[in-house]
Each structure stands twice: as C-alpha cells, then as structure tokens.
Amino acid sequence: MKQKIVLAYSGGLDTSVSIKWLQEKFGADVITLTLNLGQRESFQEIEDRAYSTGAVKHYQLDVREEFIEGYVKPAIKANGMYQGKYPLATALGRPLIAAKLVEVAEKEGATAVAHGCTGKGNDQVRMDVTVRSLNPGLKVIAPVREWNMSRDVEMEYAKKHGIKIKASKSIFSTDQNLWGRSIESGPLEDPETEPPPEAFEWVQAPEKSPDTPGYLELGFAGGVPVSVDGKKMRDIELVKTISEFAGRYGYGIVDHIEDRLVGIKSREVYECPAALSIIEAHRDLEQLVLTRNELSFKASVEREWSWLVYSGLWMEPLRFALDSFIETTQVRVTGKVKLKFYKGAMRVVGRSSPNSLYRLKLSTYSKASTFDQSSAVGFIELWGLQSRTAANAIASMKPKPGAPSGKHTPRK
Ligand code: ARG
C-alpha cells in the first residue's frame, strides 16, 4: 500500500509544487488540508487547484470558532504582542494548523505530515514543534526547506508539471487569518522604504479615510469582547465588524523590525485593525479594574506568554500555567471602552466597569474629596527613607562613583 502524507495546503505556489514533489520523492498519496481561519480567500478555488495538482483527497475545515475560542481569546486576555508591536496573528494560527494536520493524519492512517514553511522563518518551528508534541510518531516533512529551489526554479517546476498558479501573483509574501495579515518581501525588504499602497488590503490609506472621526464602544465580559455599540455579537462577526470599521478609518498597520527566532532581523508589516483595537481597549479596561500589583506582575507574564507563542512553544507547559494566572485576573475585566478613530489613529476616550477601582471621592481636586492629605506626609517619610539615606551616603563618598571607569575597551 502507498504511504499517505497529509499536506497543509494554502493553494499558493510553494504548497502546490509540494504536492508533486511529495508524490515524486516518496511515491506517496498526498492528502491536502486547508483550514478556514478567516482568511479572505476562495476555498473552492483552493480545492480545485488541490485536485488538479494531484491530491487524492482534500479536506477543508472551518475552524474560525475554534481559532477564536482557543487561540485568539487567550491572546486578548494576555494582551499578546511580540516585542510590543506584533499581535501574533500568524503565530497563533500555526499551532491550530499543526493540530488539525495531526488529527487528519491519524484519521487517515498517514505516516507523515507536510507543510510549506521555509527554513528561515518562525513558522517551521511552530509547525514542527506542535506536530511532534502532539504525535511523536508522525514524520514532519517541509519540502520547501528540503528542496532549496529558488522561486524561479519553482515556477519552472510548476510549469513542467502543469501546475496552474494565479497569474496575478503578488510581489509580497503574505499570510492571513481573522486576527491579522502579515506582509513580507518585495519592496518591504528595504527597511528604509515606506510600504507602497499595494501592500495593503484591509486598511484604507488614512488620506482616503473619512474626514470626521468614528467611534466604537466595545463591551467586555470576563476579559473578552462580547458587544459592539451595545449590540451583542458572535465572535466571528464581532472581530469582522471591528476589523472593517477600524480599517475604514485607516487604523491597524504595524511596520517594524522584528527579531525572528532564528536570529534574523526582518522588516515586518502587518494589517491587524481588530487585534490592535481590541487589545488597546482591553488593556485600558484592565487598568481600571486591576490593582497596581496585578498589572505590574501581569505585564511580565504577558511578555513571557507572547514570547512562548511567537517562538513556537504553544504546547509548552509554562504557557498553560501562565494562562491559569491570566485567567484569574480576567474575572473582573468586564465593562465598556469607547474608542475614537480618525485618519489612521485610534485612542481610548472613555471607559466604565462595575468592577472599577476608580473612586471620584479620592481622586477629585474639588472639595468633595475625602482623601486625607495629612497622612501623605508620614507616608512620604517612610516611602523615601531608604532611597534618601542611600542618596546622602553616595553624595558623601570620595571619589564620587558613577564616572565611567574606561575598563571596557574592546580587546584587539
Ligand atoms: N513574522 C511573522 C511571524 O513570525 C509573520 C510570518 C508570516 N508568515 C508567512 N508565511 N508569510 O509570525
């Protein structure tokens, strides 16, 4: 019997060429799997291309709800953001794709799974680690990483094997799901160059966005958004509504230099209007309901969480432990946040919560204040005691510390 390989199939050049390559190299039956993660694409076209390229069977699964529930919501609660900039859209999608590859492979009795990641990025790490954590018996094949074909050679290979690829092939390398769209390569490889308008599909150029500001009120319950402008919405619709609204106002683009796991610095451009809006609103609400201690500790948890997810360690037990901590803080994160969008910018302009720790009686400068100012004096006395003592001690030292020693000259 022929061996079976389940390939994560996007319908693009790399994964289409991979179908043929896996057949030739392993004499295997290739089963393709395409997931609907909310990418704006035609799944019928993808299926047709899979069969016409030689897949023996094609799976198409709508995993949007599962993606939001199991991946996006934890990311919202964690304010998941790599290097403070990237809301992890692609990074969150990969472990789910890997999990579904394993599921289908087990169902089909396949011996291996395959994906179209190159050997230079983070995605290969996310896929390989997750698959092997879930089923150590499955082999993981990454044709693009193995074959080392250049894009031109790939095109030739495709032509030779009669693989049809969209003529309007973009100069950009992109990946998308409902949490965001990643854009790389082409003119973006020059970090000095502004991304051209053609790079964007979700976010309107601010120059063309409405001339008056737009407002959105997000309602949160237990740390996740549940309504827009007072209207309860299902998850998929909610993310879509916010994404389209913010995008129309020109908001949601990230342009930054990112540190990849493999040591490469790369220029990354993202469109993630919903993710940025929701996380900003969520952070603001947390600021209203959580204590200073909770916020400060949670910030370090968020950084660690984002790093684990970015670096492919979705299955790492520490991630689950961090999720448990985060979960306990989210119970009180309920309330409303009002966002104002205008010409590519967004800010929070109002918030409220039944669990708010804001007390007007304490913070007001009016005569309604109940804050006892006289107790501040004693507080300051003790609060600064040690720092003051140290500052005075340093001032009386001879010679004064703090001047550069000059010892750290590089060795010849
Ligand atoms: N740099 C981002 C990440 O590591 C985006 C990767 C985009 N992937 C792609 N196959 N185009 O998550």
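Note that the structure is a prediction, hence the values are computed from the model and not measured.
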Could you work out, with salt bridge (Lys or Arg N to Asp or Glu O under 4.0 Å) as the rule, every residue matching [X], not counting sequence neighbours?
X	result
Lys240	Glu244
Lys120	none
Arg248	none
Asp323	Arg319

Run the side-chain donor-acceptor check on residues 187-195: report pairs under 3.5 Å with partners two or more places apart or on a different chain.
unit_1	atom_1	unit_2	atom_2	d
Asp190	OD1	Glu192	N	2.9
Asp190	OD2	Thr193	OG1	2.8

Ignoring hydrogens and angles, state whether a donor on the side chain of Tyr9 or Ser16 is under 3.5 Å from an acceptor on the partner side chain. yes
Give a yes-or-no answer on whether the side chains of Thr329 and Glu294 include a donor-acceptor pair shorter than 3.5 Å. no
Which one of Val63, Asn36, Leu35, Leu37 satisfies the side chain to side chain contact (heavy atoms under 4.5 Å, CB included) criterion with Asn177? Leu37
Sub-4.5 Å side-chain heavy-atom contact between Pro206 and Tyr251: no
Taking C-beta and beyond as the side chain, do Val262 and Gln124 meet within less than 4.5 Å on heavy atoms? yes
Tyr71 and Trp314: CA distance, side-chain angles, deciding distance, ring-ring contact (aromatic ring centres under 6.0 Å, His included) verdict: CA-CA 10 Å; Tyr71 300 77; Trp314 180 258; 4.7 Å; yes
Partners meeting side-chain hydrogen bond (donor to acceptor under 3.5 Å, both in side chains) with [X] (sequence neighbours left out):
X	value
Tyr157	Glu24
Gln287	none
Ser369	none
Lys298	Glu286, Glu302

Inspect the contact between Glu184 and Arg260 and indicate whether a charged nitrogen and a carboxylate oxygen are less than 4.0 angstrom apart. yes
What heavy-atom pair brings Val30 and Ile19 nearest, and what distance separates the two atoms? CG2-O, 3.7 Å
Would you mind listing every ring pair (Phe, Tyr, Trp, His ring centres under 6.0 Å) that reaches into [range], with sequence neighbours excluded?
range	value
residues 76-95	Tyr82-Tyr310, Tyr86-Tyr270
residues 13-64	Trp21-Trp147
residues 87-126	none

Heavy-atom donor-acceptor pair, Thr364 side chain to Lys361 backbone, under 3.5 Å: no
